[in-house]
Student: 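The structure's right below; bear with me while I get my questions together.
Residue numbers start from 1 in every chain, and the chains themselves are labelled A, B, ... in the order their sequence lines are given, proteins ahead of strands. A quick note: this is a predicted structure, and the numbers were derived from the prediction, not measured.
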Amino acid sequence: MHDINFIRTNPVEFDNRIKLRGLTNCAEKINKIDEERRNTQTVLQNILAERNILSKKIGEIKSKKKDATVIIKKVEKLKDQISSLKELEKIKEDELSAILCRIPNLPSKDVPVGDNEKNNTQYKIWGDKPKFTFKTKRHFEIGENLNLMDFDLASKLSGSRFVVLQGMLAKLERAISQFMLDKHTIENGYTEMNVPYLVKDDALFGTGNLPKFGEDLFTAGDSHWLIPTAEVPLTNLVREQIINEKELPMRVTSYTPCFRSEAGAAGKDTRGMLRQHQFTKVELVSITTPEDSKQELERMLSSAESILQDLNIHYRVMTLCTGDMGFAANKTYDIEVWLPGENAYREISSCSNCGDFQARRMNAKYKNENKNDFVHTLNGSGLAVGRTLIAILENYQTADGNVEIPKVLQKYFNGQTTIT
RNA sequence: GGAGAGAUGGCUGAGCGGUUGAAAGCACCGGUCUUGAAAACCGGCAAGGUGGCAACACCUUCCAGAGUUCGAAUCUCUGUCUCUCCGCCA
């Protein structure tokens, strides 16, 4: 949610920066409604002030047991005006927030400008593409050949975009998530949280998924939604609060399933488990002061990177351009992991600084020398577990169709070193 | 699921329909004292908004929404949530 005050005082800058996200000339329209709203409010407040004064007088007169009918008649006349002005004010407020809550965050000034992912820029690259002496397979070929990954079976239960993992692959999924949580809690300074997977509208509004992107979500039938990412419950942990500055930065992590309808992704990545309706993810969320959020994004990125480095898998980090960022972000880094079977880099993590955008929607503040200000929120995958499993299968595959278990995961396998 | 109780400022907790934005305590901030700290004492301390260059003035907010009233934290209705007891249950 944007600061109306900022739009009012910097309409040109606002329009220039929001244009980078494909929206044109918003400020004038917004400011016109805002002005109508404020004018209405001023008139209303003056009448309310008058009513309050007169009502107080009535109290004084009555306490002296005198007759107040003249003044009471006078105040009665104000009532109609008050209710119609209140109505008008509400209309203007709703009109304003309907527009404001659908406008994406302004891109940070250090984000590359562009319309689509082709304009993303490489921020860093780690390791090298591994060399294989045999023709590499894709993850689902490996998994299906091992008889440990079954898409047909899953579709009987749940339809398309689901998978059943069995035996060592199910265990691998568990080992990966365990490893990630251990790494983030023991070495990277995050506190592990166990959070609800069903949330209310308000929580999704807070992170920016609603009201615009309900299509991407699953509902649970009642007033609950299935979380598309643990970002939603984790970020909302600070909603409607004034946090003591000493508590910041707050770093939390959680391993959860994520549910996405993939409404706009028909025909995209239909083979394999790259894009599923349900997947698990270890999420990182940081709550910081405005001064610290930029460096926190770098720190968060490093935390996510540390997983792939420990797994010794080659990746690159892209800075998303203005046109490719998510709704709530002001800057986003995507970690793209190298998949030899697919001969491509694929997103495995997305780390975003949302500035105060979500904090405004959630009304999350911190106390700073007797001043209250909105916190900054950041979120990142650390990492997507399913895609990490894919990356391991493809990077650790052997000529005979088996998969080596990465060193750091072996302790979760009682010393076993290969999946066969 | 049945019966009852409740929701007030960062927290605990008072609050007759009329100077109650709200007592008191804790926490927090500033000061005195102290070599330093603690204790003690003094002072400050809710949020959001409108108008104003500003000092400041005013408006709104006591879970949410509707209502009664000249006037609601206080009365009525609805919803949400919490707690206690009973039943059921992983």
Student: For A:Ile71 and A:Lys90, take the nucleotide of RNA chain B holding the closest heavy atom to each; which residue's nucleotide lies nearer the 5' end?
Tutor: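 Per heavy-atom nearest nucleotide, the more 5' residue is A:Lys90.
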Student: Which part of the nucleic acid, if any, lies within reach of A:Arg8 when heavy atoms closer than 4.0 Å are counted: base, sugar-phosphate only, or nothing?
Tutor: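 If one applies the 4.0 Å heavy-atom cut-off, A:Arg8 turns out to touch the sugar-phosphate alone, with no base involved.
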Student: Could you note down all residue pairs passing salt bridge (Lys or Arg N to Asp or Glu O under 4.0 Å) where residues 272-282 of chain A supplies at least one of them, sequence neighbours left out?
Tutor: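 Applying salt bridge (Lys or Arg N to Asp or Glu O under 4.0 Å) to every pair that reaches into residues 272-282 of chain A, excluding sequence neighbours, yields A:Glu262-A:Arg275, A:Asp269-A:Arg275, A:Lys281-A:Glu283.
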Student: With P as the reference atom in both, quote the distance from B:C70 to B:A57 in angstrom, rounded to an integer.
Tutor: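 It comes out at 30 Å once rounded to the nearest Å.
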Student: For the residue pair A:Phe357 and A:Phe327, categorise the inter-ring angle as parallel (less than 30°), tilted (30 to 60°) or perpendicular (more than 60°).
Tutor: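 It falls in the perpendicular class, over 60°.
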Student: Out of curiosity, A:Ile53 CD1 to A:Ile58 CD1, how far, rounded to the nearest 0.5 Å?
Tutor: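 Output value for this atom pair is 12.0 Å.
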Student: P atom, B:G2 versus B:U8: distance in rounded Å?
Tutor: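 One P to the other, the span is 26 Å.
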Student: Give the rounded distance in Å between these two atoms: NZ of A:Lys200 and C1' of B:A64.
Tutor: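 After rounding, the reported distance stands at 10 Å.
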Student: Output the rounded distance in Å from CG (A:Asn39) to C1' (B:U50).
Tutor: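 After rounding, the gap between these two atoms is 11 Å.
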Student: Taking ring-ring contact (aromatic ring centres under 6.0 Å, His included) as the cut-off, I'd like each qualifying pair that reaches into residues 7-49 of chain A, sequence neighbours left out, listed once.
Tutor: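 Passing the test, one end in residues 7-49 of chain A: A:His2-A:Phe14.
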Student: Where along residues 52-61 of chain A does a heavy atom fall under 4.0 Å from RNA chain B?
Tutor: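 Close to the strand are A:Asn52, A:Ser55, A:Ile58, A:Gly59.
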Student: To the nearest Å, give me how far apart CG (A:Leu78) and P (B:C59) are.
Tutor: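 Distance check: A:Leu78 CG to B:C59 P gives 13 Å.
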Student: How long is the straight-line distance from NE2 of A:His224 back to NZ of A:Lys200, given to the nearest 0.5 Å?
Tutor: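 It comes to 7.0 Å.
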Student: Any Lys/Arg nitrogen of A:Glu245 or A:Lys367 sitting under 4.0 Å from an Asp/Glu carboxylate oxygen of the other?
Tutor: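 So A:Glu245 does not pair with A:Lys367 through a salt bridge.
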Student: Between B:A47, B:U69, B:G49, which one does the side chain of A:Lys79 approach most closely?
Tutor: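 Selected nucleotide (nearest to the side chain): B:U69.
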Student: Does any residue of residues 42-51 of chain A have a heavy atom under 4.0 Å from RNA chain B, and if so, which ones, in number order?
Tutor: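 Per residue number, the list reads A:Thr42, A:Gln45, A:Leu48, A:Ala49, A:Arg51.
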Student: If you round to the nearest 0.5 Å, how far is CG of A:Leu409 from CG of A:Leu311?
Tutor: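 Here the rounded value is 5.5 Å.
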Student: Give each stem of RNA chain B as a range with a range, requiring at least 3 consecutive Watson-Crick or G-U wobble pairs whose two distances are under 3.5 Å.
Tutor: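 Stems for RNA chain B, defined as runs of 3 or more consecutive pairs: B:1-7 with B:80-86, B:10-12 with B:24-26, B:28-32 with B:40-44, B:46-51 with B:56-61, B:63-67 with B:75-79.
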Student: How far, in whole Å, is B:A46 from B:G79 if one measures between their P atoms?
Tutor: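 My reading of the P atoms in B:G79 and B:A46 gives 36 Å.
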Student: For atom C1', what is the distance between B:C62 and B:A14, given to the nearest Å?
Tutor: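 To the nearest whole Å, 13 Å.
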Student: Which is it for A:Phe259 and A:Tyr197 under the ring-ring contact (aromatic ring centres under 6.0 Å, His included) test, yes or no, and what are the steps along the way?
Tutor: CA-CA 9 Å; A:Phe259 303 92; A:Tyr197 308 151; 7.5 Å; no
Student: Rounded to the nearest 0.5 Å, what separation is found between the CG atom of A:Leu320 and the CG atom of A:Asn116?
Tutor: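 It is 11.5 Å, given to the nearest 0.5 Å.
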Student: Minimum heavy-atom separation for A:Asn402 and A:Ile419, please, with both atom names.
Tutor: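 Answer, listing the atom of A:Asn402 first, then A:Ile419: CB-O, 3.3 Å.
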Student: By side chain to side chain donor-acceptor pair (under 3.5 Å), which residues pair with A:Asn120, not counting sequence neighbours?
Tutor: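 A:Asn120 satisfies side chain to side chain donor-acceptor pair (under 3.5 Å) with A:Asp324 only.
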